[in-house]
Each structure stands twice: as C-alpha cells, then as structure tokens.
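Nothing here was measured: the structure is a model prediction, and the numbers come from that model. When a ligand or atom number is given, it counts from 1 through the structure's own listing order.
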Amino acid sequence: MHEFKYVNNQLYCEDAQVGELAEEFGTPLYVYSYHTLVDHFMKLKNALHRLDPLICYSVKANSNLALLKALVDKGAGLDVVSGGELFRAQKIGCPAQRIVYASVGKTDHEIEEAINRRILFFNVESMAELENINRISARLNRVTQVAIRINPDVEPKTHKYITTGKLTNKFGIDFNSAARIFSLRNRLSNVKITGLHIHIGSQITESAPYIAAINKVTAFIAGLKKKGIELEYLNIGGGLGIVYDREKPQTAEQFARKVVPLLEKTGLRIILEPGRFIVGNSGILVTKVLYIKSTPKKKFVIVDAGMNDLIRPALYEAYHQILPTRTKNQGSGSEKVDVVGPICESGDFFAKARRLPKVKEGDYLAIMGSGAYGFSMSSNYNSRRRAEEVMVVKDKVFVIRKRETHQDLIDNETIPPFLLGL
Ligand code: LLP
C-alpha cells in the first residue's frame with residue numbers, strides 16, 4: 001500500500017495535492033508520506049513477529065532526521081555506516097543498543113566514537129579491522145561486541161553495482177577466513193564476537209538468494225557450535241526489493257514464510273537492515289517542466305530537477321515511473337520523450353524514450369519511488385542547491401529540510417589572502 005494516488009485527476013500524497021505542494025514549496029521538491037513509511041516498517045515487523053527481530057533501518061537509504069525519528073519511535077533500530085550517520089542516530093535519540101555499524105572502511109575516530117556511544121555491535125569486514133577495533137577497545141579499556149560480516153558468495157540477481165555478496169566484491173569475509181578468525185579469537189581479548197552478518201545486495205526481488213545465503217551461514221554456525229563457539233546474533237542485512245516498474249518482488253509475508261523457519265532454527269536474535277523496502281515508495285521527487293525541445297531525432301522534456309537531485313537513472317540506468325501531478329487539461333494523447341535535467345551531462349536523464357501523457361511547460365511531474373537513495377545521494381553538482389524535503393501526514397505538511405541557499409553553497413570555502421591581494 002502506498003499513499004500516492006489520483007483523486008479527481010489530481011495526484012495526492014495522503015490528503016495533500018502534490019501540485020499544490022509544488023506551488024507552495026517550489027521545485028525540485030521531495031515529498032514523503034509519513035503513513036507509507038510507517039506502514040512499510042510495520043508490514044515487515046508484523047510479518048516477522050515470530051522472530052521478534054531488531055529491524056535496524058539502513059540510514060544511508062534516506063537519512064533525514066524526521067524519517068529516522070518516525071521509525072525509531074515505532075521501535076526501529078538503525079544501521080549506520082559513518083560518523084555522520086551515527087551523529088544523526090544520536091541526534092534523534094536512538095537507543096545505542098539498537099544501533100549496528102557496518103562499512104568496509106571505518107576510521108579510528110569513527111570506531112572510538114561508536115565504542116564510546118556503546119552501540120550494540122560493529123559489523124566487521126576484515127581481520128585488519130577486527131585487530132584495529134581490538135586495539136582501540138584496549139586503549140579505551142573496553143570489550144567491544146562485533147559481528148563478522150560473511151561474504152557467502154551468492155548471486156543476488158540484481159544490478160552489478162549493488163551486488164555485495166560475491167567473492168569478487170569488496171565486502172565481508174569468506175567462510176575459511178572467518179573460521180580462522182574464530183580460531184584466533186582468544187588472542188583478541190578486547191573484542192567479543194557475538195554474531196554473524198550478511199548483506200548480499202540491494203533491490204533483490206526473490207527469496208532464493210536469501211535462502212541460499214542463510215543456509216550457508218546456518219551451516220557455518222552449526223560448525224562453530226560443534227567447536228563450542230556460541231553466538232547471540234544473526235544479522236541478515238537488507239536488500240528487499242520494491243516495485244519501480246513491473247517487478248514482482250516478494251512481499252514481506254512471502255519473504256517471512258521462506259526465511260522464518262530457517263532463522264528460527266538458529267535460536268539466535270535476528271537483526272535486519274532494510275532501507276529501500278521501508279522508504280523507497282514513501283517518497284517522490286516533484287519537478288517542473290521548464291521547456292519542451294524537439295530535435296530532428298527526439299523530443300526532450302526538460303525539467304528543473306537534475307541528476308544531482310536523483311542520480312539513480314544516471315548511475316544504474318534505474319527505472320522510475322514518472323506521473324503528471326494532474327491528468328486533466330493536459331495536451332491530449334501521449335508521446336515518446338526523454339525526460340532530462342538541466343545539468344551539463346548527457347547522463348542527466350530521468351527517462352529515455354518513455355511514453356508519457358503530453359505535457360507542457362509549467363506542468364509538474366512526479367518521479368515515483370524516489371524515497372530511497374534519492375536525497376541521500378544528492379549533491380551540489382553544477383552549484384545547484386539541494387532540494388527541499390516535506391513530510392505529509394494526512395492533510396498536514398511539514399518542511400523537514402529547507403531548500404539550500406546560494407550562501408550555503410559557499411559557506412565552507414575560503415579564498416587565500418594572496419589571491420585577494422592581501
Ligand atoms: N546493510 C548494508 C550493509 C548495506 O550496504 C545496505 C545498502 C543496506 C543494509 C540496505 O540495503 P537496502 O535494504 O536499502 O537494499 N544506491 C543504490 C543502493 C545501494 C545499497 C547500498 N547498501 C541504489 O540506489 O539502488
């Protein structure tokens with residue numbers, strides 16, 4: 001279920017007219033539905049209730065404080081990957097024991113900060129990192145909990161840039177090396193290995209890759225048990241796919257039916273790190289048509305959002321549905337167009353050769369499914385101010401990040417005195 005729908009030819013987000021939001025707040029504008037966000041979180045939580053898992057929302061998908069607070073208030077934990085994300089988690093008052101920390105490249109400073117905050121555990125990605133966490137913990141006179149991130153070498157059947165659980169990827173530790181780490185664990189007295197972690201990729205639409213990975217990991221856990229090594233946690237990562245186009249991703253219930261029996265057998269506390277599943281279809285990017293341009297080969301709809309606002313089409317050739325915010329009083333019929341932004345790159349597009357209802361200058365378009373990896377991957381390229389973000393709760397609208405100003409763009413820059421003739 002999501003709360004973006006047409007009523008009387010107008011696109012609504014909950015009870016707010018998207019076209020009116022665009023008029024009021026300007027474009028490009030990210031619009032989030034509070035109820036869709038919470039509903040997706042609850043859907044997963046309810047489907048997995050037999051496990052009573054800790055669902056750590058993956059902050060990288062969308063790190064706006066308002067969204068984080070909404071989810072944490074519903075019982076979510078957070079999956080963070082940097083000092084910045086940890087700072088956000090702390091700002092919204094996420095209990096430290098609901099925070100897990102991943103990343104192949106944690107710095108000493110980040111590790112120390114997370115230890116001091118007493119997070120639940122680190123997902124560790126290499127022996128070198130484990131030794132480093134041990135060293136820093138010893139200096140701080142602490143014993144730090146960690147989970148070993150396993151690279152189970154399974155094919156998640158998704159885009160190659162978001163495949164993470166193959167041995168050719170930089171992530172995790174293969175089973176043999178993990179076994180070696182467990183055999184050496186007594187040498188590292190300031191870390192306690194309490195769990196295993198896997199995250200095999202993103203936008204995974206089938207359950208088979210999860211089952212394959214979970215089976216491999218549970219066999220490994222059984223092997224550890226035989227050696228007298230007991231764990232507490234199994235973190236199965238994120239990656240659940242959503243509908244952008246015509247995908248038929250597994251629902252939360254279908255996923256649960258397949259994985260719960262496997263996970264229950266482990267007797268371990270289960271953790272998940274979903275991002276896209278929760279926030280992806282909770283947000284849209286609204287943009288205004290600036291110009292229509294016909295060339296001998298094509299028709300371009302030039303809009304005021306660019307690849308700096310939503311990079312997924314440019315980076316992964318990702319498909320996002322594009323809907324006009326009103327369906328009446330537009331040019332009749334449909335036509336094949338490229339929807340492109342104003343940025344000086346040919347990769348700056350949202351759709352290519354897409355059949356859309358005829359639009360004209362001044363119309364608004366909604367780029368759907370932009371809640372995950374939309375704003376969080378946005379940039380100031382071409383010295384463009386990052387978009388405003390609003391959250392809709394029924395008929396109430398809240399600005400959750402105001403549009404940047406030109407001054408914001410240069411605030412951290414300085415011109416050396418010699419260039420100023422001083
Ligand atoms: N856990 C770990 C360790 C991760 O690396 C990720 C995502 C997640 C959880 C959450 O994955 P999700 O449930 O959202 O699939 N920018 C790309 C996606 C990159 C995913 C990075 N890691 C995109 O726009 O498709």
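- Within the 4.0 Å heavy-atom criterion, the part of D79 lying near ligand 1 is the side chain and not the backbone.
- A donor-acceptor contact closer than 3.5 angstrom is absent between the side chains of D309 and S378.
- For ligand 1 and M377, the ligand atoms under 4.0 Å from any heavy atom of the residue are 16 (N).
- Atoms of ligand 1 lying under 4.0 Å from any heavy atom of G238, numbered from 1 in the order shown and given with element: 9 (C), 13 (O).
- Residue contacts with ligand 1, taken as heavy atom pairs separated by less than 4.0 Å, do not involve A61 at all.
- Counting protein heavy atoms only, atom 21 (C) of ligand 1 is closest to K60 CD, 3.8 Å.
- The backbone N or O of S379 lies less than 3.5 Å from a partner atom in the side chain of N308, making a donor-acceptor pair.
- Which parts of ligand 1 touch G239 is read off a 4.0 Å heavy-atom cut-off, strictly below it: atoms 11 (O), 12 (P), 13 (O), 15 (O).
- The protein atom (non-hydrogen) at minimum distance from atom 19 (C) of ligand 1 is I162 CG2, 3.6 Å.
- Side-chain N or O atoms of R403 include one that pairs as donor or acceptor with a backbone N or O of P28 at under 3.5 Å.
- Summarising the geometry, atom NZ belonging to K358 is positioned 10.5 Å from atom CD1 belonging to I292; distances are rounded to the nearest 0.5 Å.
- In this structure, a donor-acceptor pair under 3.5 Å is present between the side chains of S58 and D79.
- Within the listing of ligand 1, atoms 13 (O) sit less than 4.0 angstrom from a heavy atom of P274.
- By the 4.0 Å heavy-atom criterion, Y316 is counted among the residues contacting ligand 1.
- Paired with E112 under the rule salt bridge (charged side-chain N to carboxylate O under 4.0 Å, His left out), one option of K106, R139, R117, R135 passes, and it is R139.
- When H159, R276, Q203 are checked for heavy-atom proximity to atom 25 (O) of ligand 1, R276 turns out nearest.
- The environment of NZ in K69 is sparse: at most 12 heavy-atom neighbours from other residues, nucleotides or ligands sit within 6.0 Å.
- Selection from R312, E273, R149 by nearest heavy atom to atom 9 (C) of ligand 1 gives E273.
- Protein heavy atom in closest approach to atom 14 (O) of ligand 1: Y373 OH, 2.6 Å.
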Exercise. Given the rule in the side chain to side chain contact (heavy atoms under 4.5 Å, CB included) test, do K157 and I204 qualify, once you have shown the distances and angles that lead to the verdict?
Worked result: CA-CA 7 Å; K157 299 190 194 146; I204 301 169; over 6 Å; no

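- The local environment of NZ in K293 is sparse, with at most 12 non-hydrogen atoms from other residues, nucleotides or ligands closer than 6.0 Å.
- Each of the atoms 12 (P), 13 (O), 14 (O) of ligand 1 lies under 4.0 Å from some heavy atom of G275.
- For a threshold of 3.5 Å applied to N or O pairs, the pair formed by S202 and ligand 1 contains at least one separation below that value.
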